[in-house]
Amino acid sequence: MEPSLTAALVRRAQTGDADAFESLLAPRLERLYGTAALIVHDRTLGEDAVQEAMVRAWQGLPGLRDPNRFEAWLRRLLVHSCVDAARSAKRERSVRELPVRLAGHDDVANVVVDRDAVERAFASLTANHRAAFVLRHYLGHSVEEVADALHVPLGTAKSRLDYAEQAMAAGIDADSRLVFGGGVA
Amino acid sequence: MNASTPDPRFQSWLIGQAPRAADDLLDRTMGRVRAARQPRRVFFRWPALRFAVPLAALVVIALSGVLLHLSSTAVGPNRTPVPSPSGPSPSSTIVPSPQPSVAATAAPASAFSIWTRLDLVDPAPDVYSGGTPSGVVAFGGGYVATGSVWASCCGGTFSQNRGVVWTSIDGRTWQVHDHLASLAHASLDSLFTNGRSLYLVGGYAPTPGKPGSPTVWVSTDGLQWTRSTGMAPTLAAVGPSGLVGAVALPDGSFRFVRSADGLDWAYTSPPYNAFLGGLAVAPDGSAIALGSTSLIDDLGIAWGDILAWRSPDGASWAGPVTVAARGQPIAVAAAGDGFFAIVRRSPNSQVSGSPNELWRLVGDAPPVISALPLFDGYVQSVFAFGNTVVLTGESGSPVGSVYNDALVLVSTDGGAAFGRVSDQVGFSGRSNELMAVIETPNGLLAVGRSGDGLTKHAVPKVWISGR
C-alpha cells in the first residue's frame, strides 16, 4: 500500500471511520497473524494477540500524531500484545511446553528435514527473544527496527537477537540430520 | 549474528512455520474493533505534558515556558487546575495512582442471579453488524430501546444505515419500529430521558463516503424524532435543570455545553485539550466528567494522566484536576452521593488483574478503586439505580476473544460489595454484550446483542432478571 494512501486511510480512521481501518488492516492481516503466531508460538493465542492489538490500535489511533508512523506503531502494538498474551498463557499453564506445531508444512520438507530440534530450540526461547528473532528473520527488519518495536535499547535488541540466534543454531547443531536450505549444520 | 540481512536459513524455517490466517479472522477482528469505543480525538496542547515522566514523588517540571508547579500540601492524588489555552499559565502535577480500597469484593451474586435472554426483532438479519440496541429507558409506562443498523461497513449498502426503535409494555414482548424517516442515516450511541422527552445522541451521516456529524434526536413518543441541525454534543446526560454535554471541536479540543430542549446547545466552558471518556449528572444536578491528557502515545506505550471536571449544576465547570496517572476513563455513572467510573489502566489494574478498574468518586476526595478480583474478565460499563449498581463486561482472558461470555456483577448496597452473577446460558455465545441496563419494578432489564456463531451476525437481545 502506498505511503500516501496509508496516511490518508489513517487520517480517516482517526475520525472514527471503521471502514478505513479495515482497509488498513486487510492487506496486513496475514503478516500480522503470522508474526503473532510465531512470537506466541500458538495459533489461537496468535489470533487473540492480533485482535487485541487491533482493538488497541483502533482505540489509540486518535492519539497517533504522525500517520507516517502507523507501520512502526502497529508493529509495536502487536509485539506488546504478543508478549502480554504469552505471559498470560504462561501464567495460566504454568511452565508447559506448547506441544502443537504451528503448521503442518510437509511441503517444505525439502527445506527442513527434521524440525524437531529447531522447533524445540524455538519453543525454549522467551516471547521477547522470539519477538526479536521473528522481527529480524521473518519480517526482515533491521536491528534498529527490532529495537524500536521491542521498545528496548539497541544493545538489548542485539543481545536478544544474539541469544536467539545462538539457541537456534544450537538446535540445528544438536541434530546432525538437520538440513537447512541445502546446507548441513 | 547480526548481519546486514536476515539469515536465509532462519527465514526459510520461519516462513515454513508461520500459519495462515483463518478466512474469517478479518471479520472477527473487525467485529471486535467495531464493538470497541474509539475515544474522541482531542489533542493536548501543552507539549511539555506529553513528555512528563511519572515519578514516585511529586516533581516540578518547567518546559517550553510552561510552568508545572509542585503542590506542597497534597498527599496522594493532587488537584491542580489545567486551565484553558486562553487562561492563566497552565500548571499540573504528576501524581501517583490512587490507593486501592479493600471494601468491595465479588462473591457470587445473591441478588439478580438468574438472567433470561429474549430475542428482539432483528431489523437486519443479513447485515453483519445490524441492529444492535445501544440504549434503553423506561418511558410512558413502558420501555423504549434504540439502536442502529450500520450496513455500509460490512457487506450492506449505505442506504441501509438507519436508527431503529423497539418498544415494549412489559419488557418481555417487544415491537420493532424500523425504517423511521426521522432516523434515516442515524448511528445511535446513547438514549436517555427526563420522563417527558427522549433524547438520542449519535451521528448523522447522510452522504456516502463522508463522516457523520454529532447529532441529537428528540422525541416525545419514540416514533417521531426531531434532529438537531446545529452544534451537538458527542457525550450528554440529562439532569434536573436540563441537558449537559460536551462538544468536540475541529482542533481536537472540547467544550462543555448545555441545552434546555436537546436541539439548541450553548457553550458553558472554555475549550479543554483532553480526551473525554465519560460524563454523568446526579439527581441533584451536580455533574462530573472524566478524561485524560492523552490516550496512548505514538508508540503505544505511554498513557496520559486522568483528569476530572466537576460542576455543581451542569452550568459551570471547575477543573480539570489530575486524579491519577496512566489511565483512560471509559464510563461514568451517578450513584448516591457520588459517581462510579470504569477506568482502563495500563498495563493492567494492579488491583484486579483486569484491564479495567471500578472507581468510586465522592466529592473532592481521591478516587477509591474497588478490589474486584476479575482475573478472568473485565468490566466495561457501569449503571446505578439507588443502591443497585450493575457492572457489565466480558469474561475471558485479558488478551481477549470474540467468544467471551457476558460478565455481570451486581451490588445492592450502593457499591460496597459486588456479587458476580454466575455464568449461565443467557450469557453464553459469541460477543455477548449487555450494552445498557435499567431498573424496572420487577428487577433489571438490559439490551444488547449476542453473536450468531454461524453467520457472525450480532442478534439484538433483551435480558431480564427478577429480584
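Chain letters run A, B, ... following the sequence lines, proteins first and then strands; every chain starts at 1.
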Problem - Distance (rounded to the nearest 0.5 Å) between Arg43(A) CZ and Arg20(B) CZ - result: 12.0 Å
Fill in the blank from the handout: Closest non-hydrogen atoms of Ala21(B) and Glu30(A), given as atom of the first, atom of the second and distance, are N-OE2, 2.8 Å
Problem - Check against side-chain contact (heavy atoms from CB on, under 4.5 Å), Met30(B) and Met54(A) - result: CA-CA 8 Å; Met30(B) 285 308 299; Met54(A) 293 309 105; over 6 Å; no
Problem - Nearest non-hydrogen partners of Ala37(A) and Pro19(B), listed with the distance - result: CB-CG, 3.5 Å
Practice task
Calculate, to the nearest 0.5 Å, the distance between atoms CD and CG belonging to Gln51(A) and Leu25(B) respectively.
Solution key: 6.0 Å
Fill in the blank from the handout: Looking only at heavy atoms, the pair that brings Tyr138(A) and Leu14(B) closest together is N-CD1, 3.7 Å
Problem - Step-by-step side-chain contact (heavy atoms from CB on, under 4.5 Å) determination, Gln59(A) to Gln328(B) - result: CA-CA 11 Å; Gln59(A) 294 181 322; Gln328(B) 170 65 29; over 6 Å; no
Handout entry: Nearest-0.5 Å distance that lies between atom CZ in Phe21(A) and atom OG1 in Thr29(B)
Key = 9.0 Å
Handout entry: Within-4.5 Å side-chain heavy-atom neighbours: Trp13(B) and Met168(A)
Key = yes
Fill in the blank from the handout: Bottom line for Phe133(A): the part with an atom under 4.5 Å from chain B's heavy atoms is both
